[in-house]
Amino acid sequence: MPHDITASLPANPFNAGSPVDPNDFVGRMLEIESFKQKLRQTETGSLASMAVAGEYGIGKTSFLHKCKIIAEEDNSLAIYFSLNELDELSRESLSKILIERLKEKVNEEVILQRISSTILQTLKKIKVKIGDSVELGISEDTEVSTNLHSALTIAWKALKDNKKAIVFFIDEARVLEKNRADLVLYLRAVLEQLQLDRVPVMIIPAGKLTISGPSGTGFSPLVRTFPPAILDNFTKNESEVFIKKKLDKIGFLISDEIINKVYNLTEGHPFVLSAYMATAYSKLKSDENTLKNEHFDAADIEFVKRVLSPFFSRFYDQAGKSSRKILVEVARKNGETTLSELSEIMKKEYSELSPYLAKLVQDGALIRVDRGKYKRFKEPFLMLTLTSLVMGTLNTLISLLIFFLMSAIGLMMLKPEMGTSPASIFAMALLGALWTIVFSFIGAGVIHLFVMMFKGTGSYVDTYKVFAYSFLPYYVIRVIPFVGWVSIIYTFFLMTFGLSEYHKLSTGKAVLAWLIPTLIYIVLIIVILFVFLAMAFGSATPLGLNALT
């Protein structure tokens, strides 16, 4: 088993897709202050709930966890849970979730000896009954059977000597907006009743929430009860603080110049920023403690393929027919357009397009830069992603074409009687396609053997990536007159750099890893060419003599 030279590196401090440790939380100062103010209002019995809205990866869950810590430090009972797995929800099931999560949190406080166990015994007696529906709860004791408003009131009476308020943090709460926002209106009614009784309960739903109603209908029911804190990208300063805070914990360095580059490319999007930093960090060698340009250059291909492609493709894949049409038109306008231009192109009124544009902005597919003006989301990285995907496709198509032709020529030399019938052309194309696939795996496999001989780390998959992407400029640039020959030099440069970074090889060993099999391949091609020529001339001479006689 090869020795993993990266074992001495500290664990990767960047973990994209996971909530940030509240101690590492950065930015959102206005939103945090808004939460603190509403928490103070709630503690006095006022109706002061709020919502947290934003696109995928913007940091909603991290924000909730930060607010939860703030509420706990202020001696409120903070209850966090997610509705991520629920596609359908009723008043009954929502009420059951709220009360059961409340009981679980109180039980946790009892275990930690923060409150008396008698409070938990009181809460265990509570069951919730909505209208004529079946009672909901987990207790056999039917002493207390009531509705959600009364259940929360009873719970508060048991807790008021120990806590300042009850705060529910509901993550992935988009399901609350289904069925014409019936659940939002239900929660609003419950909170209004609690306010009259001066029961300090706060509810904070978070998710890709609809924060405005259809054109002409005014605000959505959600906004009327839960004024939204809409999270946006990090500022340049926040991005710098976030990166340095993570690296300082493990004693690693990064220059301001590199941070500026990362910010300009990611535009401060928390998920994209974290993922880019995580990928670059994975390229460090065991004896390095500074992130440099070379690490980000080595990370680009992997980052685009593994992170950005699925991240951006979901905008288009999950969009409806009209939304897709809008995205296509924005792309045709070089990434930026206006509502009036879209209206003219798509032959639709402003009022028809506005809801679709609002949804695309909310999902993060577009950015609203001004009134009636929109641009494509995350332009630098989106272009990098699209370029990578397009070039990858070009690479495949050109490779297929070349090997189709090679196979066709080879077959006609070996079997001239096949001619150029459709069947023979199809057979040649099929063989060419198979040879393309086989050759790429064999070529990468042979190089990987030499990588292993030179004690390189990494897997065959890593070698295959380097092999495939290194030949990209060869197929694209070589068609340019006079400068096309440079493409093979650039290909060898990429091969050297890629093998060195992926397998932690010195430059000399990386060169030998691809140079030796390349020389062997050239020798084999020359031998095969001589064989073909010998066969061709060997068969042509007798035929020519026979013709003369």
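In this structure, Phe234 has its ring center no closer than 6.0 Å to that of Tyr263.
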For Lys285 and Ser500, run side chain to side chain contact (heavy atoms under 4.5 Å, CB included): C-alpha distance rounded to whole Å, both residues' side-chain angles, the deciding distance at 0.1 Å, then the answer.
CA-CA 11 Å; Lys285 297 178 181 178; Ser500 176; 4.3 Å; yes
Candidate pair Thr337 and Lys373, rule side chain to side chain contact (heavy atoms under 4.5 Å, CB included), full reasoning:
CA-CA 6 Å; Thr337 188; Lys373 190 174 182 180; over 6 Å; no
Determine whether Lys261 and Asn293 satisfy the following criterion, side chain to side chain contact (heavy atoms under 4.5 Å, CB included), listing intermediate values before the conclusion.
CA-CA 9 Å; Lys261 171 187 174 181; Asn293 260 319; 3.0 Å; yes
Take Ser239 and Val262 through the side chain to side chain contact (heavy atoms under 4.5 Å, CB included) test and state the conclusion after the steps.
CA-CA 9 Å; Ser239 299; Val262 172; over 6 Å; no
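For the residue pair Thr122 and Ala158, the shortest heavy atom distance occurs at CG2-CB, 4.2 Å. Nearest heavy atoms, Ser34 versus Met50: OG-CE, 4.4 Å. Among all heavy-atom pairs drawn from Ala278 and Asn12, the shortest one is O-ND2, 2.9 Å. Of all heavy-atom pairs spanning Ile58 and His269, the tightest one is CD1-CD2, 4.1 Å. Taking every heavy atom of both residues into account, Leu39 and Ser76 meet most closely at CD1-OG, 3.9 Å. The shortest heavy-atom contact between Ala71 and Ala78 is CB-CB, 4.1 Å.
By the 4.5 Å heavy-atom criterion applied to side chains, Phe226 and Val52 are not counted as neighbours. Leu94 has its side chain within reach of Leu176: a pair of non-hydrogen atoms, C-beta onward, lies under 4.5 Å apart. Considering only heavy atoms from C-beta on, His295 comes within 4.5 Å of Glu288 through its side chain. Proximity of Leu291 to Lys283: side-chain heavy atoms (C-beta onward) are nowhere separated by under 4.5 Å. Annotation: side chain of Leu148 is in contact with side chain of Tyr186 (closest heavy-atom distance under 4.5 Å). Using a 4.5 Å heavy-atom cutoff, the side chains of Pro270 and Phe242 are not in contact. The side-chain heavy atoms of Phe25 and Ile32, taken from C-beta on, include a pair separated by under 4.5 Å. Using a 4.5 Å heavy-atom cutoff, the side chains of Val20 and Val26 are not in contact.
In terms of the side-chain hydrogen bond (donor to acceptor under 3.5 Å, both in side chains) criterion, Asp74 has no residue partners (sequence neighbours excluded). For the side-chain hydrogen bond (donor to acceptor under 3.5 Å, both in side chains) test, residues two or more places apart in sequence or in another chain that qualify with Thr61 are Asp171. Checked against side-chain hydrogen bond (donor to acceptor under 3.5 Å, both in side chains), Lys244 has the following partners two or more places apart in sequence or in another chain: Glu240, Asp256. Scored by the ring-ring contact (aromatic ring centres under 6.0 Å, His included) test, Tyr281 finds Phe252 as partners (sequence neighbours excluded). Every residue two or more places apart in sequence or in another chain that forms a side-chain contact (heavy atoms from CB on, under 4.5 Å) with Asp21 is listed here: Asn23, Asp24. Annotation: side-chain contact (heavy atoms from CB on, under 4.5 Å) contacts of Glu31 (sequence neighbours excluded): Arg28, Phe63, Ala229, Leu231. Qualifying side-chain contact (heavy atoms from CB on, under 4.5 Å) partners for Val110, counting only residues two or more places apart in sequence or in other chains: Val106, Ile115, Ser117, Leu120.
Under the salt bridge (Lys or Arg N to Asp or Glu O under 4.0 Å) criterion, the residue pairs touching residues 35-52 are Glu33-Arg40, with sequence neighbours excluded. Among pairs with a residue in residues 71-92, those fulfilling ring pair (Phe, Tyr, Trp, His ring centres under 6.0 Å) read His65-Tyr80, at least two apart in sequence or across chains. Sorted by first and then second residue, the ring pair (Phe, Tyr, Trp, His ring centres under 6.0 Å) pairs involving residues 97-125 (not counting sequence neighbours) form an empty list. The list of salt bridge (Lys or Arg N to Asp or Glu O under 4.0 Å) pairs with a residue in residues 148-160, not counting sequence neighbours, is empty.
For Glu104 and Arg101, the salt-bridge test passes: some basic side-chain N is under 4.0 Å from an acidic carboxylate O. Using a 4.0 Å cut-off between charged nitrogen and carboxylate oxygen, Glu100 and Lys103 do not count as a salt-bridge pair. A salt bridge links Glu109 with Lys163: the closest approach of a Lys/Arg side-chain nitrogen to an acidic carboxylate oxygen falls below 4.0 angstrom.
In this structure, the separation between CZ on Phe296 and OH on Tyr276 is 6.0 Å, given to the nearest 0.5 Å. Residue Leu77 holds its CG atom at 9.0 Å from CD of Glu108, rounded to the nearest 0.5 Å. The OG atom of Ser95 sits 15.0 Å away from atom NZ of Lys127, with the distance rounded to the nearest 0.5 Å. To the nearest 0.5 Å, atom CD1 of residue Ile99 and atom CG of residue Leu123 are 7.5 Å apart. From Leu273, atom CG reaches atom CD1 of Ile243 across 4.5 Å, with rounding to the nearest 0.5 Å. From Tyr356, atom OH reaches atom CD of Glu352 across 8.0 Å, with rounding to the nearest 0.5 Å.
Side-chain atoms of Ser90 and Ser93 include a donor-acceptor pair closer than 3.5 Å. Side chains of Asn264 and Lys236: no donor on one and acceptor on the other come within 3.5 Å.
Put simply, the side chain of Lys249 never gets that close to the backbone of Pro13: no donor and acceptor are under 3.5 Å apart. In this structure a side-chain-to-backbone donor-acceptor pair under 3.5 Å is present from Asn147 to Ser150. Listed for the Glu341 side chain is a donor-acceptor partner under 3.5 Å among the backbone atoms of Thr338. The closest donor-acceptor contact from the side chain of Ser274 to the backbone of Phe271 lies at 3.5 Å or more, if one exists at all. Looking only at distances, no side-chain donor or acceptor of Ser343 sits under 3.5 Å from a matching main-chain atom of Leu339. Formation of a donor-acceptor pair under 3.5 Å by the Ser82 side chain with backbone atoms of Asn84 is found in this model. Between the side chain of Thr266 and the backbone N or O of Gly268 there is at least one donor-acceptor pair closer than 3.5 Å.
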With a 3.5 Å cut-off and sequence neighbours excluded, list the donor-acceptor pairs that the side chains of residues 190-207 form with protein atoms.
residue : atom : partner : partner atom : Å
Glu192  : OE2  : Arg188  : NE           : 3.2
Asp197  : OD2  : His149  : NE2          : 2.8
Arg198  : NH2  : Thr44   : O            : 2.5

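Annotation: Lys292, atom NZ; neighbour count of heavy atoms from other residues, nucleotides and ligands within 6.0 Å does not exceed 12.
Tested against Glu72, the residues Lys105, Lys164, Arg114 include a single salt bridge (charged side-chain N to carboxylate O under 4.0 Å, His left out) partner, Lys105.
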